[in-house]
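Naming: A, B, ... by sequence-line order, numbering from 1 per chain.
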Amino acid sequence: MTILYFSLYHFIIEGHKGVIGTIIVNSEGLPIRTTLDNSTTSLYARLLRSFTTLARSAVRDVDPQNDLTFVRIRSKKQEILVAPENNFLLIVIQNPSE
Amino acid sequence: QLHIYKCVWLCVLSLQVFDSQGRDVTPLPLVAVADDPDSKTHEKSSLEEVLFKKGSSIFKSSTTTDVVSSRYGDIQTHKPYVLCPSIFLEIIRFVLLLLSEFPRKPVDKGFDIILSETDTISLLDLPPTLVSEDAEDADAVKQRNRDYTEFCSSKMGSDNFFERSSQTLVGEHKCKYTQTDTNKSVNKGTIATTWDIYDSFSMSNENRETRESERVDYLTSTRNKQDISEVTMSRETGNSFSENQSNLEKILSSEAFMKSVSIMERVIVLNIFQPKLAAFRGLHVLKGKLSQPVCRCKGHYLTPTLEPLWTFVSPLTRGHNITCMTWNKKNPDILAVGYVGGSSGNPQPGLICCWSLKNLVWSERVFSCHSSVTCLEFSSSNPSHLAIGMYDGAVAIYNVQQRCNRHTQPVWQVTWTKQQLQLSGEEREEVLVSVSGDGRITKWLILHNDFNCVGNKPQTDYRLKARECNLYYLSFVLSVQSFCYDTGIYVIGTWDGSMHKCSLSNSDHFLDTYCKHPSPVTHIEWSPIYSDVFLSSSSDGTIQLWKVDTLNPKMSFTSVQSIVDSVKWSPNCGTVFAAIYRHRVEVWDLCQSIMRPTLVHHAEPGVTLSSLLFAKGSDSILVGDSRGEVTVYKLKNFRVGKPKKVNGSSSTFDLWQGSTKSAQIPCFFTGWKRV
């Protein structure tokens, strides 16, 4: 079963062109699956976690019934896509101009 | 003067103080006291004894300069202490000695400290002695007072008293420095954000009846959510490997994850295809590394070309011939494509895919049906209903809102044993009209239920008078535009090349017949802008332009001798239409030329192009082919509206020459009226 989910996930996300890496972070901030090296992974996980919490707080402050669904940070070299959920965080780093 | 000392009472049940974590925080005495030789036994002594026994010794010691005396009990503290001035120090010493004298009881659980107020302690009470004038002994008091003043005045110079000065020894002050640990302070702050208040409020509202007692837990849990941001990565990762794995599995299999993944995929795909989609929409393309250099040649007529943007294809659809495509009426970004299962002519389970512009690499919905799909159309009053006609004669309505990847039962299905079907839904009364190969045109009224079961009953059955023509292959298009006086007009084409104009209200016979094509009519399309103009295409390789009330075609377009599979008007411009031949696509712009197609695009070798669709609001066309791919092309360098002088001698041109002005669109058709 796990293999099925893994392969599905890989096909859907990691197989696209331009995707540099993906990270899945659980609710405690520990990356549980990643395609990048450890130091980069922990860096991204830590920074993006606090960032998404801040973003969610901002969105909900304006209207408490609203909630954050997706965060995209586009920089010069790449684009960081974060899908926040209650118990995990899905981070994908993509180079869109490739 | 009397100094009255009393001690402050503290009712303490236990002398040990513990904080919430169980650490011993019993206040330690400030004074480093050593054993008092008088109390070596450490017996329980009465409070009075302790007080006054010690009191005297304390007084004694206070007069000496040596504060750090070893007279006190052997309570060793390694902490130095601070001198406080005089009396308060004495009191504190009393208290500390008290604490030290009482034996320590072991405490396991929490205890209560009861502080009660003592009576007011008078440290110094000098009541005024006032005697009223009217009291009985007032005279005695007065007399005493007088005696006293006399006595005081007689003191001077009398032998009983003599003055002498004395000096009190003022002890040297010694500075004694002590040091304590700094009180550690922890800053703890929290922000009461709007959403936090809202959350706790709504949660407490929900659980008021059942979980009254656990409200504290909720509040702490909401606080914990805030504290999540404070948790750093430096926490010890005590998870074992297996725990991590199961965690991962749980997450991967959750529905929320799949949803996130699908959103993520859409975003990634949009990023990858952003230039193409921008070109599709006619937006300015972001400059990337690989963006094509735009050659700006003003004043040049560049050759119109079809620039391929992207392809809708997925492994499921590879190899299936595409028969029909249609856009959703409500959401123009959703495309439904019908596929033939297997090779044509062999009825096999067909396929319907719903593609969305948001995800160009995978179709949003896939439905399989038991037979090849020949035609499909979205309903306009119920935008999620998709009506399809199948090769074996069945008509079905699918509800595309159901996200069912497996074989899904159509909402409704009816079957005859007939050949081919084509249908389209009419807007006004949401009528489904289907034409079958046996010559029957059936109008269906759709009864709506709330759920997916939609009943359908045939309302009228138009029996066509089977004339000498064999109504074997029919294709028709329903008039849906605003024909102000007659909306139920439709035109059907037949196998033998004639087209009949019929009316929905008249089910007996045709109103008119248009004969021009010698071979079967493959497609008829009404113009979306001019409601009385339609195009017809047939297998003889010609395309004819008709006006409804004239029985002869107005114009005829020929380019190659090849079967014209389909012809479609452009929804954006009234003079542009595209035709699909077996191996090429042609786009005609009647403003530029009526002799030649403005644009010709050849298919790849080995591939037959089978269906065509324009995209509304964007100058792109979609071409479906036999490989199961829908390719989206952008009409590049397609200049519409620039008139050219046409000099021709064919009879069809005489119509045009009536309007000597530029062949602009309004005048284009006024020419006909003159004729």
Side-chain angles (χ1 to χ4, degrees), chain A residues 1-2 4-6 8-9 11-19 22 24-33 42-43 45-46 49-50 52-54 56-67 69-70 72 74 79 81-92 94-98, chain B residues 191-202 225-239 243-275 286-291 315 359 361-362:
Chain A
M1 195 59 132
T2 321
L4 171 71
Y5 287 124
F6 272 133
L8 200 67
Y9 169 68
F11 172 70
I12 291 177
I13 299 285
E14 295 165 1
H16 280 290
K17 77 169 176 179
V19 172
T22 74
I24 305 181
V25 182
N26 69 354
S27 50
E28 289 157 12
L30 307 169
I32 48 180
R33 182 179 153 90
S42 52
L43 190 67
R46 175 170 53 90
R49 213 148 149 273
S50 48
T52 39
T53 315
L54 188 64
R56 176 180 266 146
S57 173
V59 166
R60 294 203 72 207
D61 249 351
V62 170
D63 177 11
Q65 288 171 335
N66 206 353
D67 199 6
T69 46
F70 205 81
R72 282 168 91 155
R74 196 178 178 107
E79 178 155 357
L81 313 162
V82 182
E85 286 287 336
N86 270 336
N87 45 356
F88 65 89
L89 207 65
L90 173 62
I91 303 170
V92 173
Q94 185 192 17
N95 190 353
S97 57
E98 257 183 42
Chain B
I191 304 172
T193 49
T194 316
W195 53 269
D196 189 26
I197 296 171
Y198 174 84
D199 274 347
S200 348
F201 188 67
S202 60
K225 275 191 207 143
Q226 290 166 36
D227 294 347
I228 282 172
S229 56
E230 297 169 12
V231 171
T232 62
M233 288 291 296
S234 59
R235 192 203 279 209
E236 276 294 304
T237 65
N239 286 332
E243 223 178 276
N244 250 343
Q245 280 298 98
S246 64
N247 215 355
L248 180 61
E249 267 178 43
K250 223 183 339 165
I251 289 182
L252 282 186
S253 56
S254 67
E255 201 183 298
F257 184 75
M258 279 298 135
K259 195 159 156 295
S260 288
V261 163
S262 67
I263 295 179
M264 182 69 76
E265 189 194 7
R266 281 188 186 175
V267 175
I268 292 177
V269 166
L270 283 179
N271 267 341
I272 295 173
F273 286 102
Q274 198 273 339
L286 287 179
K287 285 202 175 62
K289 284 184 210 161
L290 303 175
S291 66
N359 191 343
V361 300
W362 194 262

Enquirer: Tell me, for B:F257 versus chain A, whether the close heavy atoms (under 4.5 Å) come from the side chain, the backbone, both or neither.
Expert: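 Both backbone and side chain.
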Enquirer: Please rank B:I268, B:T194, B:V261 by heavy-atom pairs under 4.5 Å with chain A and give me the top one.
Expert: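 Most pairs with chain A among the choices: B:I268.
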Enquirer: If you tally heavy-atom pairs under 4.5 Å against chain B, which of A:N66, A:L54, A:V92 wins?
Expert: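 When all of A:N66, A:L54, A:V92 are compared, A:V92 has the most.
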Enquirer: Between A:P84, A:S57, A:A83, which shows the greatest number of heavy-atom pairs under 4.5 Å with chain B?
Expert: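 Going by pairs under 4.5 Å, I would pick A:S57.
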Enquirer: Report the C-alpha separation of A:L81 and B:N271 in whole Å, then their side-chain angles, then the decisive distance to 0.1 Å, and conclude whether the side-chain contact (heavy atoms from CB on, under 4.5 Å) test is met.
Expert: CA-CA 11 Å; A:L81 313 162; B:N271 267 341; 4.1 Å; yes
Enquirer: Using side chain to side chain donor-acceptor pair (under 3.5 Å) as the criterion, list what pairs up with A:D67, not counting sequence neighbours.
Expert: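 Per chain and number, A:D67 pairs via side chain to side chain donor-acceptor pair (under 3.5 Å) with A:R56.
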Enquirer: Salt bridge check: are B:D196 and A:R60 linked by an N-O gap of less than 4.0 Å?
Expert: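 Salt bridge absent between B:D196 and A:R60.
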Enquirer: Does any heavy atom of chain B fall under 4.5 Å from the side chain of A:L90, the backbone, both, or neither of them?
Expert: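 Both backbone and side chain of A:L90 come within 4.5 Å of chain B.
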Enquirer: Would you say that B:M264 contacts A:T22 through its side chain, given a criterion of any heavy-atom pair below 4.5 Å between the two side chains?
Expert: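 They are not in side-chain contact.
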Enquirer: Just verifying a value: how many Å separate A:H16 NE2 and B:E265 CD, rounded to the nearest 0.5 Å?
Expert: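 With rounding to 0.5 Å, NE2 (A:H16) is 4.0 Å from CD (B:E265).
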Enquirer: Before giving the answer on side-chain contact (heavy atoms from CB on, under 4.5 Å), spell out for A:Q65 and B:W195 the whole-Å C-alpha distance, their side-chain angles and the decisive distance to 0.1 Å.
Expert: CA-CA 8 Å; A:Q65 288 171 335; B:W195 53 269; over 6 Å; no
Enquirer: Does some side-chain heavy atom of A:F88 sit less than 4.5 Å from a side-chain heavy atom of B:S260?
Expert: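 When only atoms from C-beta onward are counted, A:F88 and B:S260 do touch, with a gap below 4.5 Å.
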Enquirer: Please flag which part of A:D61 lies under 4.5 Å from any non-hydrogen atom of chain B: side chain, backbone, both or neither.
Expert: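 For A:D61, backbone and side chain are both near chain B.
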Enquirer: Restricting to side chain to side chain donor-acceptor pair (under 3.5 Å), what partner residues turn up for B:S202, sequence neighbours left out?
Expert: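 With neighbours one apart ignored, the set is empty.
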Enquirer: Quick one: does B:V267's side chain get under 4.5 Å of A:Q94's, heavy atoms only?
Expert: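 With C-beta onward as the side chain, the pair stays apart.
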